[in-house]
Amino acid sequence: MSARALFSRTRLATVGLLFGATLALGLAGGIPSNAAAQVAGLRSLAASARATSGSDSSVPVPVSGISSAIQISAGGYHTCALLSDHTVNCWGRNDFGQLGDGSTNNRPTPVQVKDPSNAAGYLTGVKAISSGYEHTCALLATGRIKCWGRNDHGQLGNNSTTGSPTPVFVSIITGNPISRKATGVSAGAFHTCARLANSTVRCWGYNNAGQVGDSTTLTRKNPVLVVAIANVTQVNAGWDHSCARLSTSRIKCWGRGGWGELGNGSFNNAPHPIPVFVAVITGGPPSKRATQVSAGANHTCARLANSRVKCWGRGGSGQLGDNGGANRSKPVLVLGGLTTATQVSSGGYHTCARLLNSRIRCWGLNNHGQLGDGTTTNGSTPISVSGITTSTQVSAGYYHTCALLANHTVTCWGYDDYGQLGDSKAIAISAGDAHTCALFSGGTVKCWGWNSSGQLGNCSTTSSSTPVLVSGITTATAISTGYAHTCALLSGGTVKCWGDNDYGQLADGTATDSLTPIQIGGITTATAISTGWYHSCALLSGGTVKCWGDNAYGQLGDGTWNASSVPVQVSGITNASAISGGWGDSCALLSDGTVKCWGWNDWGQLGNGSTTSSSTPVLVSGITTAAAISAGGDDNCALLSNDTVECWGVNVSGQLGNGSTTNSSSPVLVSAITNASAVSAGDDHSCALLSGGTVMCWGANGYGQLGNGSTTGSPTPVLVSVITNASAVRADSAHNCALLSGGTVMCWGWNGWGQLGNGTTTSSLTPVSVVGL
């Protein structure tokens, strides 16, 4: 290892159905003996089906932390679960406060719905829940309703258009007398409906298409009676239409009907503010008697008394299930042998049904995997959801779907950009000197390993061999770990950093460490970040770069050798597309495929044919087609457009990968790498991700950082054991980590501070799984 690496070691050693159902349907008693095995199987399926380029899942993934659910409701881009103690947890998108936790931060894992008006501090006494597009409602045991989230159309029903991130009472529905007592609630896109104890319906909110049903198109901030309807047993609100099942087993719908979603034989797009009967379902024999209705975005479905399903309305994505793509103004039979349905749920452009055997079948749009069959191919007839055999309820959201299982856990699949699947999977990783961090869907970050300076960001200096949540980070889009500090790029273009600040690397104008993230001043348009050993850099939207922190070797690139606790402009860089910070140097990939580096150059790591350090960027020799860069300890590497890798700088451990141990001040080709998709330079070794999902590493191996089961170094690439489905790899001092396609993480090498994340401090010569993600 290098003298600097040895110093590092010494220092370390001494220092609702779419818009929700009224009540949970088909909840079965008893827990099948195979329920736990089913959850394990779902995790395995998810690992193989998760797209490497995004966070969607085309197969079910278990929701983290839910073990006592009795009802679920998938909304627009969020999901909620009613728990057995009659409290509510929600997760996913939260820009309007629809998760009810008092914030507007997206949550990739469930959070409890709060209620400041309740002495307990959280919502209690809930009987049923319904998730709308961007608001949520709960039916209370008292017969009252509370709603939270978006309210610009009065959809919260509290005589206001002011949104609320915590529950507020719906007015008029006071719980007594029976004409004011709710027995069911359904949240639509921008309106809400409730069934009352006297079998009438009241709706409120947006009413442009007559979806409130009061014979007008006036938006209503308070509940109003739906006209021309009585003897209602269930109500369900869709995008801009609503439907109700009557005690006669017939259905009435009202609102928009341009796609045929009212089912009355018409495609008239004019508002229908008065309920009309759905054709065909006449209440006669079982094949014409509805037992449940579910309104989607522009289509509607009903479960019939003979356990079949009929759908009507928009059909272009196959959501009607009749093996065609036509719109239907009257109910048509769902084909594909669907004969034992116990419940139906209409989503945005897809539909799902729970079957008598506790399995689930879905049909329609599948662009995000919302049909759950492991593909993204649309289905015009029902398709079996992979791996689910013990469901008690299904709920289709806009582009995702969730199922409640008999053991009271929840599993979801489909679109997940906001964390609505709730499975808290990693989407990016970064390895520091002795700590590691992972970015999760929904914008949170977890870190593990060494924590002497607070680099784990959890308000302590206690190291952890398992992941801990970074405090206050909920909108991160990228992460980067340095020697003992960490930075996160946030969704608005700002940057927060935490941990060691001896050289001003937190950019707060001080040299005081921070145990929690603090915002970097002057950075508002960042598109990428990269932390070096004691410095940090940000790529800005215009292609310029700013750096801050240690500058003893000119690594800030501003033409000086002075450290800076505020960001300074890197000289001469105006067209950067990527950046990477090393130990004492930094590099930028330019838009024309060339690379410039600046800082320490004693080993030729600036790549310009010399060993003279430079406080301003210099051009790396011979690189004209770079696709990515990575700055390591005293060496740097570039991935080229032809999928090969070139490295330059120190080579005493073979970290340049060209079969020698001779240093090189200009790039040399790494041997045997012809299909690389990413490269990461560590302290005295480097790794490359290959196109098939395997990883190869080369260089020093004293701690097993090459991952091949030995401690023998190699000047040419060797295959890392076990890893076959990686989507990213990160190398640092003496440990490496790989992000796998299922959102899990494996690490290997040195583990003195728990940086491998497997609950131990035992180093490993082969990859081990990070626990607790």
Compare all side-chain heavy atoms of [X] with those of [Y] and state whether any distance is below 4.5 angstrom.
X	Y	value
V113	C90	yes
Y349	N298	yes
T248	N231	no
L83	I66	yes
L740	I723	yes
D101	Q112	no
P60	V385	yes
W312	V280	no

Return the [atom1] to [atom2] distance between [X] and [Y], rounded to the nearest 0.5 Å.
X	Y	atom1	atom2	answer
L335	N323	CG	CG	6.5 Å
N725	L739	CG	CG	9.5 Å
T392	N407	OG1	CG	9.0 Å
W259	N269	CH2	CG	9.0 Å
L82	S130	CG	OG	12.0 Å
N357	T390	CG	OG1	11.0 Å

Note to self: Please determine whether side-chain contact (heavy atoms from CB on, under 4.5 Å) holds for the pair N367 and T376, giving the CA-CA distance in whole Å, both sets of side-chain angles, and the decisive distance to 0.1 Å.
What the structure shows: CA-CA 5 Å; N367 58 329; T376 53; 5.9 Å; no
Item checked: Working for side-chain contact (heavy atoms from CB on, under 4.5 Å), residues T192 and V185 -> CA-CA 7 Å; T192 313; V185 65; 3.9 Å; yes
Note to self: Before you tell me yes or no, could you show the steps for N264 and S266 under side chain to side chain donor-acceptor pair (under 3.5 Å), namely the whole-Å CA-CA distance, both residues' side-chain angles and the distance that decides it to 0.1 Å?
What the structure shows: CA-CA 6 Å; N264 65 335; S266 170; 4.7 Å; no
Item checked: From CA spacing to verdict: side-chain contact (heavy atoms from CB on, under 4.5 Å), Y399, L365 -> CA-CA 8 Å; Y399 291 122; L365 186 67; 3.7 Å; yes
Using only atom types and a distance under 3.5 Å, with no angle test, would you say the side chain of [X] pairs donor to acceptor with the backbone of [Y]?
X	Y	result
N151	L156	yes
Q420	Y415	yes
R245	A290	yes
T340	L355	no
S741	S727	no
R308	S287	no
K252	A228	yes
R289	G284	yes
S242	Q211	yes
N366	T375	yes

Next item on the list: Could you walk me through whether H241 and T300 pass side chain to side chain donor-acceptor pair (under 3.5 Å), step by step?
Entry: CA-CA 9 Å; H241 75 293; T300 313; 2.8 Å; yes
Check: So is R150 actually on top of Y133's ring, under 6.0 Å and inside 45° of the axis?
Finding: no
Check: Which class fits the ring pair W239 and F190: parallel under 30°, tilted 30 to 60°, perpendicular over 60°?
Finding: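 The rings of W239 and F190 stand perpendicular, inter-plane angle above 60°.
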Next item on the list: Go through the side-chain N and O atoms of H350 and T401 and say whether any donor and acceptor fall under 3.5 Å apart.
Entry: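 Short answer, yes.
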Item checked: Derivation and outcome, side-chain contact (heavy atoms from CB on, under 4.5 Å), residues I388 and L405 -> CA-CA 8 Å; I388 293 187; L405 304 184; 4.2 Å; yes
What are the two closest non-hydrogen atoms of [X] and [Y], and how far apart are they?
X	Y	answer
W91	L421	NE1-C, 3.7 Å
I429	A728	CD1-O, 4.2 Å
T217	N208	CG2-O, 3.9 Å
N106	N94	OD1-N, 2.9 Å
Q98	E134	CB-O, 3.5 Å
I129	A81	CD1-C, 3.6 Å

